[in-house]
Student: 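Below is the structure I would like to discuss, written out as structure tokens.
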Amino acid sequence: MKTIIPDIESRLKPYQEERPVQPISSNGNIQWLGSTKLLATLFYDLWQGQKKIKGKTTKPLIKADKNHLVKFLLTNFVDSKGKPLNKTTLSDYLNTSEYKQTQRVAQGGRIELDYE
């Protein structure tokens, strides 16, 4: 059998090799391009349920304790500048006290959860 394209195997080799996946940020974490406050509020709403304007609250979608959520966010995300998130800041945003509710993003500025 005659080869039509000389050296075809060596030309195709770079395309056949498995290439490593490039990390999303320099340390391999997901870079969140919004504010840390918005990220923490999103996870708070997924964890505690999101209060709606009409007084209803969505059902929680995450079952965890606050420390696990903080660790998850610290381990998997960096801020919009590629810097690690601050543990104390995340812990404050995820605090369930009524006082700390003012620390999270207000209704209208949150990522809205709409499901049943």
Side-chain angles (χ1 to χ4, degrees):
M1 186 171 181
K2 191 174 184 181
T3 305
I4 299 173
I5 302 173
D7 200 25
I8 193 164
E9 285 184 17
S10 64
R11 289 183 184 199
L12 291 176
K13 189 171 183 164
Y15 301 104
Q16 294 171 337
E17 293 175 0
E18 193 172 315
R19 296 181 183 169
V21 176
Q22 294 297 318
I24 296 171
S25 67
S26 61
N27 65 0
N29 292 355
I30 298 168
Q31 187 173 12
W32 178 258
L33 300 178
S35 69
T36 301
K37 186 177 194 174
L38 182 61
L39 176 65
T41 300
L42 172 62
F43 272 85
Y44 180 88
D45 290 345
L46 290 169
W47 174 47
Q48 295 294 317
Q50 187 176 67
K51 292 183 180 177
K52 299 295 186 177
I53 294 171
K54 296 178 182 177
K56 288 187 174 185
T57 302
T58 61
K59 293 179 184 176
L61 292 175
I62 295 174
K63 185 175 183 178
D65 67 26
K66 183 177 90 169
N67 292 330
H68 285 118
L69 286 177
V70 170
K71 185 176 180 180
F72 174 81
L73 292 169
L74 289 171
T75 303
N76 293 290
F77 288 90
V78 293
D79 70 13
S80 61
K81 296 176 183 171
K83 307 264 189 220
L85 301 174
N86 183 291
K87 183 178 182 176
T88 304
T89 301
L90 288 173
S91 186
D92 277 351
Y93 289 145
L94 293 172
N95 194 315
T96 57
S97 76
E98 287 296 316
Y99 169 74
K100 292 295 183 175
Q101 185 168 339
T102 61
Q103 302 295 310
R104 291 185 289 277
V105 177
Q107 288 180 348
R110 295 178 177 203
I111 296 172
E112 291 296 321
L113 305 177
D114 190 17
Y115 58 90
E116 293 188 28

Student: Heavy atoms only: give me the nearest L94-A40 pair and the separation to one decimal.
Tutor: CD2-O, 3.5 Å

Student: Hey, what do you get for CG (N76) to CZ (F72), rounding to the nearest 0.5 Å?
Tutor: 4.5 Å

Student: For the side chain of Q50 and the backbone of L113, is there at least one donor-acceptor N/O pair under 3.5 Å apart?
Tutor: yes

Student: Do Y93 and I111 land in one hydrophobic cluster if side-chain heavy atoms of ILVMFWY residues count as linked below 4.5 Å?
Tutor: no

Student: Does T41 reach the main-chain N or O of K37 with its side chain, forming a donor-acceptor pair under 3.5 Å?
Tutor: yes

Student: Could you grab the distance from atom OG1 of T89 to atom CG of L39, nearest 0.5 Å is fine?
Tutor: 12.0 Å

Student: Once rounded to the nearest 0.5 Å, what's the spacing between atom CG of L73 and atom NE2 of H68?
Tutor: 13.0 Å

Student: Do T57 and K51 come close enough that some side-chain heavy atom pair is under 4.5 Å?
Tutor: yes

Student: Check the pair V78 / K83 against side-chain contact (heavy atoms from CB on, under 4.5 Å), numbers first and verdict last.
Tutor: CA-CA 5 Å; V78 293; K83 307 264 189 220; over 6 Å; no

Student: At their closest point, which heavy atom of L74 faces which heavy atom of L85, and how far apart are they?
Tutor: CD2-O, 3.2 Å

Student: Under the side-chain contact (heavy atoms from CB on, under 4.5 Å) test, which residues partner S80, sequence neighbours left out?
Tutor: none

Student: Apply the test side-chain contact (heavy atoms from CB on, under 4.5 Å) to residues N95 and Y44: give CA-CA distance (whole Å), side-chain angles for both, the deciding distance (0.1 Å), then the verdict.
Tutor: CA-CA 9 Å; N95 194 315; Y44 180 88; over 6 Å; no

Student: For the CD atom of Q48 and the NZ atom of K59, what is their distance to the nearest 0.5 Å?
Tutor: 15.5 Å

Student: Hey, what do you get for CG (N67) to OG (S91), rounding to the nearest 0.5 Å?
Tutor: 7.0 Å

Student: From K63 NZ over to W47 CH2, what is the distance, rounded to the nearest 0.5 angstrom?
Tutor: 13.5 Å

Student: Between F43 and F77, what is the ring plane arrangement, given parallel below 30°, perpendicular above 60°, and tilted in between?
Tutor: perpendicular

Student: Taking side chain as C-beta onward, heavy atoms only, is K87 less than 4.5 Å from V70?
Tutor: yes

Student: Please identify each residue that fulfils salt bridge (charged side-chain N to carboxylate O under 4.0 Å, His left out) with R104, with sequence neighbours left out.
Tutor: none

Student: Is there a donor-acceptor pair under 3.5 Å between the side chain of N29 and the backbone N or O of T75?
Tutor: yes

Student: List the steps, then state whether side-chain contact (heavy atoms from CB on, under 4.5 Å) holds for N86 with T36.
Tutor: CA-CA 9 Å; N86 183 291; T36 301; over 6 Å; no

